[in-house]
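Proteins get letters first, then strands, A, B, ... in listed order; numbering begins at 1 in each.
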Amino acid sequence: MENKENQGNPGCENKESINFIQSIIDKDKENNKYGGRVHLRFPPEPNGYLHIGHAKSICLNFGLAEKNGGLCNLRFDDTNPSKEDIEFIESIVRDVRWLGFDWEDRLYYASDYFERMYQDALTLVRKGKAYVCDLNPDEIREYRGTFTKPGIESPYRNRSVDESLSLFQRMRDGDFEDGSRVLRAKIDMSSPNLNMRDPVLYRILKKTHHRTKDQWCIYPMYDYAHPLEDYYEGITHSVCTLEFEDHRPLYDWILTNLYSSGLPQQIEFARLNLTNTVMSKRKLRFLVEEGYVNGWDDPRLPTISGLRRRGYTARAIRNFCDRIGVAKTNSIVDIRFLEHCISEDLNQSAQRIMAVLNPLKLIIDNYPENLTEELEGENNPEDSNAGTRKIPFSRVLYIEKEDFQEVPPNKYFRLAPEREVRLKNAYIIQCKEFVKDENTGEIKEVHCTYDPETKSGQPGAKRKVKGTLHWVSASHALTAEVRLYNHLLLDDTVEQQAEEENNDFIGKFNTKSLEILKGCLVESTLKNAPVGNHYQFIRKGYFCVDPDSNKGRLIFNQIVSLRDSWEKIEKLNQDNSR
RNA sequence: UGGGGUGUAGCCAAGCGGCAAGGCAAGGGAAUUUGGAUCCCUCAUUCGGAGGUUCGAAUCCUCCCACCCCAGCCA
């Protein structure tokens with residue numbers, strides 16, 4: 001009795017679980033740490049295309065801002081001109097916007113802060129907190145020491161402030177070659193944290209920057225630039241991934257040596273990993289450049305542009321990101337969960353269509369030769385407002401090859417000699433005979449009779465039959481190409497990032513990840529289907545119109561298939577007969 | 001090896017000293033003009049391990065183990 005009453009407490013049941021970052025924000029709000037402000041940012045480097053892992057971060061940052069009445073900036077962390085490009089900026093802007101997030105007028109670039117960062121660097125030098133070092137890259141590495149061996153101080157570490165100041169100015173002026181000198185923080189060469197062993201703050205890079213052109217030949221390093229970018233923008237919570245955890249002391253060092261209040265705090269969470277795919281920029285690039293896939297928006301790729309082309313909706317992706325949670329545990333999310341999210345979304349919204357992927361001719365012998373009936377079909381049984389449409393029915397139809405079997409296995413509810421089956425939205429038919437190619441054994445056509453009393457909607461249709469098949473009318477159907485997709489990688493474990501050196505993962509590449517079906521037949525409803533539109537092909541799966549389509553050429557991408565219970569039974573049958 | 005992290009079901013993940021949420025996957029069943037969707041039921045006597053504190057521990061303490069990250073003038 002008591003228990004029941006407790007269970008009825010809605011306050012308990014509806015309590016949403018809060019991630020650890022939200023808890024930090026809650027505490028900060030409570031303590032009025034930033035005057036109640038919550039300000040985040042999504043700071044991509046424009047050196048590649050965004051993928052589903054970035055989507056997690058985007059949803060986290062923009063989502064946290066939204067939930068807390070705060071703001072979230074979009075900021076390009078463009079501090080390395082040798083890797084970055086305007087092309088990537090454009091694709092990133094498009095993808096974040098497509099995901100449904102709005103940074104209003106707060107689109108920023110690290111490169112816009114270069115002068116201010118330079119001035120701050122000067123301050124560090126003046127304070128004796130930074131110095132120009134003439135060691136070359138190899139020497140710096142040697143002097144750094146190892147995990148177990150402390151580093152050695154640079155011979156330039158104690159040169160005068162004035163000398164560093166003038167050398168730094170000359171670095172900026174272009175007096176020195178790439179790699180010949182750097183500006184370094186003066187911290188602690190024996191720190192157990194290698195990031196604190198006098199990290200490089202500025203390097204010479206005589207490269208044209210995509211935005212600042214040739215204005216600069218020295219560029220700030222991430223560790224120096226990032227905390228400052230956050231500070232300049234009034235960021236309160238600087239959310240990044242786990243690998244930056246050891247950089248946090250440096251993040252704080254930069255800030256506390258330059259500024260005293262309103263300092264942002266870095267918080268790290270685990271990046272997203274997915275089974276059966278690749279997520280690193282390097283591997284993605286490899287697949288694209290080596291032609292394993294067809295470009296950055298190949299529907300097999302977990303890039304945002306690939307997912308979009310595949311037919312994923314922004315809503316489904318956002319929902320997925322919300323549901324996987326945010327924590328510090330390294331994890332590998334099952335890609336089937338992503339697939340579940342898009343199925344769930346499309347089940348509610350996608351128009352139902354009949355499409356035959358592998359056509360088998362079916363002739364209704366007792367149906368009038370020249371008659372065409374306009375039958376009514378529901379557009380979406382999940383949505384009462386979706387309405388109905390007319391579907392032409394005639395004597396010659398096509399059904400799915402797999403929906404007929406000469407010798408039906410156990411629990412096979414589809415068509416077979418003498419068997420009855422319902423044609424969706426039409427009639428109950430009975431198989432009378434079939435034509436088989438004597439040489440190949442392939443079934444060429446199936447002949448049936450229909451029962452006029454069983455037309456859908458009429459009382460006679462109430463009769464129970466085990467199976468319902470989808471079909472298209474031969475003379476009305478449209479020809480289409482259908483692209484079927486399977487997981488990119490066969491192995492369902494994540495790529496081993498430790499074995500980065502080679503491209504081992506390519507051994508797991510699924511050579512059947514793309515299957516192209518050419519002679520598919522789809523309902524005439526799809527005649528002018530716009531690119532990107534989503535449909536459920538009844539009994540098959542969710543599909544969308546690929547941008548390769550044009551007038552007279554319809555191409556569909558399979559987004560996900562429907563759950564196939566028969567497949568399971570079939571497999572069981574096979575196992576049992578062994 | 002020094003440092004920084006993390007370990008709750010097959011996969012995510014709540015839990016914050018009062019006796020293991022939820023989702024995905026899996027299995028069973030109901031219903032069904034999509035073998036879809038839906039609906040019901042099952043699925044951790046135990047929280048990496050071992051000790052300890054406590055009336056009471058996934059939660060606190062100690063030790064141990066496993067895994068991840070760091071030795072770019074990348075981010």
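The base of B:U34 has none of its N or O atoms less than 3.5 Å from a complementary donor or acceptor on the side chain of A:Thr468. Side-chain atoms of A:Asp246 come within donor-acceptor range of the base of B:G3, with a qualifying N/O pair under 3.5 Å. At a cut-off of 3.5 angstrom, the base of B:U33 holds no donor-acceptor pair with the side chain of A:Glu378.
Applying the 90° criterion around 0 to the glycosidic angle, B:G72 comes out syn.
Straight-line distance from the CG atom of A:Asn380 to the C1' atom of B:U38: 13 Å, rounded to whole Å. Rounded to whole Å, the distance from CZ on A:Phe393 to C1' on B:U33 is 14 Å. Protein atom CZ of A:Phe269 is 16 Å distant from nucleotide atom P of B:C12, rounded to whole Å. The nearest whole Å value for the distance from the CD atom in A:Glu139 to the C1' atom in B:G72 is 16 Å.
Of all nucleotides present, only B:G29 satisfies the Watson-Crick or G-U wobble test against B:C39, with each distance under 3.5 Å. Remark: B:U8 base-pairs with B:G15. Criterion, Watson-Crick or G-U wobble with two distances under 3.5 Å. With both pairing distances under 3.5 Å, B:A57 is matched to nothing as a Watson-Crick or G-U wobble pair. Searching all strands for a Watson-Crick or G-U wobble partner of B:U34 with both distances below 3.5 Å returns nothing. Under the Watson-Crick or G-U wobble criterion, with both distances below 3.5 Å, B:U62 is paired with B:A50.
Distance check on atom C1': B:A71 versus B:G2 gives 11 Å, rounded to whole Å. Across the C1' atoms, B:C68 and B:U32 are found 48 Å apart, a figure rounded to whole Å. Rounded to whole Å, the P atom of B:G56 lies 23 Å from the corresponding atom of B:C63. Annotation: B:A9 and B:G5 have their C1' atoms spaced 24 Å apart (nearest Å). B:C55 and B:G15 have their C1' atoms separated by 22 Å, with the value rounded to a whole Å. Taking the C1' atoms as reference points, B:A20 lies 8 Å from B:C47, given to the whole Å. A gap of 15 Å separates the P atoms of B:U45 and B:U8, to the nearest Å. Between B:C19 and B:A30, the two P atoms lie 37 Å apart (nearest whole Å).
Among the heavy atoms of the strands lying under 4.0 Å from A:Lys568 are primed sugar atoms or P, OP1, OP2 only; no base atom is included. Among the heavy atoms of the strands lying under 4.0 Å from A:Ile569 is at least one base atom, whether or not backbone atoms are also near. Residue A:Arg422 is in base contact, counting any heavy-atom pair closer than 4.0 Å across all strands shown. The residue A:Lys83 sits close to a base: some heavy atom pair falls under 4.0 Å. Looking at heavy-atom distances under 4.0 Å, A:Asp77 makes contact with sugar-phosphate atoms alone, never a base.
Within the 4.0 Å cut-off from OP1 or OP2 of B:U34, not a single side-chain nitrogen or oxygen of A:His470 is found. Look at A:Arg563 and you won't find any side-chain N or O under 4.0 angstrom from OP1 or OP2 of B:G35. Applying the 4.0 Å criterion to OP1 and OP2 of B:C74, one finds that A:Ser82 has every side-chain N and O outside that range. In this structure, A:Arg352 does not reach the B:U34 phosphate: none of its side-chain N or O atoms is under 4.0 Å from OP1 or OP2. Side-chain N/O atoms of A:Lys281 include none lying less than 4.0 angstrom from OP1 or OP2 on B:C74. Contact annotation: A:Lys328 side-chain N/O to B:C69 OP1/OP2 distance is not under 4.0 Å. Phosphate contact (OP1/OP2 of B:U1, side-chain N/O of A:Thr146, threshold under 4.0 Å): absent. Within the structure, a side-chain polar atom (N or O) of A:Arg539 is placed less than 4.0 Å from OP1 or OP2 of B:G35. Look at A:Arg271 and you won't find any side-chain N or O under 4.0 angstrom from OP1 or OP2 of B:G5.
Between A:Met354 and A:Val472, the shortest heavy-atom distance links the atoms O-CG1, 3.6 Å. Closest of all the heavy-atom pairs between A:Ile92 and A:Glu45 is CD1-O, 4.1 Å. Between A:Ser343 and A:Tyr542, the closest heavy-atom pair is O-OH, 3.8 Å.
In the set B:G35, B:C73, B:U34, the nucleotide with an atom closest to the side chain of A:Ile140 is B:C73. The side chain of A:Asp334 sits closest to B:C11 out of B:C11, B:G3, B:G36. For A:Ser331, whose side chain is taken as the heavy atoms from C-beta onward, the closest listed nucleotide among B:U1, B:C73, B:A13 is B:A13.
The aromatic rings of A:His247 and A:Tyr222 stand perpendicular to each other, their planes meeting at an angle above 60°, with 30° marking the opposite boundary.
Sequence order on RNA chain B of the closest nucleotides to A:Arg336 and A:Glu45 puts A:Arg336 first from the 5' end. Summary of the strand contacts: A:Tyr542 and A:Val465 both lie near RNA chain B, and taking for each the nucleotide with the nearest heavy atom, the more 5' one is attributed to A:Val465.
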Go through it in stages, so that I can follow the logic: the residues are A:Arg271 and A:Met279, the test is side-chain contact (heavy atoms from CB on, under 4.5 Å), and I'd like the CA-CA distance, side-chain angles, deciding distance and then a yes or no. CA-CA 10 Å; A:Arg271 59 155 22 101; A:Met279 209 81 102; over 6 Å; no
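With its ring centre under 5.5 Å from that of the base six-membered ring and a plane angle below 30°, A:Phe413 counts as stacked on B:G35. An aromatic stacking contact between A:Tyr222 and the base of B:C74 is absent, as defined here by ring centres under 5.5 Å apart and ring planes under 30° from parallel.
For the residue pair A:Lys281 / A:Asn47, a side-chain donor-acceptor distance below 3.5 Å is found, with atom types taken as modelled.
Residues that satisfy the side chain to side chain donor-acceptor pair (under 3.5 Å) test with A:Ser191, not counting sequence neighbours, are absent from this structure.
Both tests do not hold together for A:Arg75 against A:Phe42: distance to the six-membered ring centre under 6.0 Å, angle to the ring axis within 45°.
Counting only heavy atoms from C-beta outward, the side chains of A:Arg315 and A:Asn319 never approach each other to under 4.5 Å.
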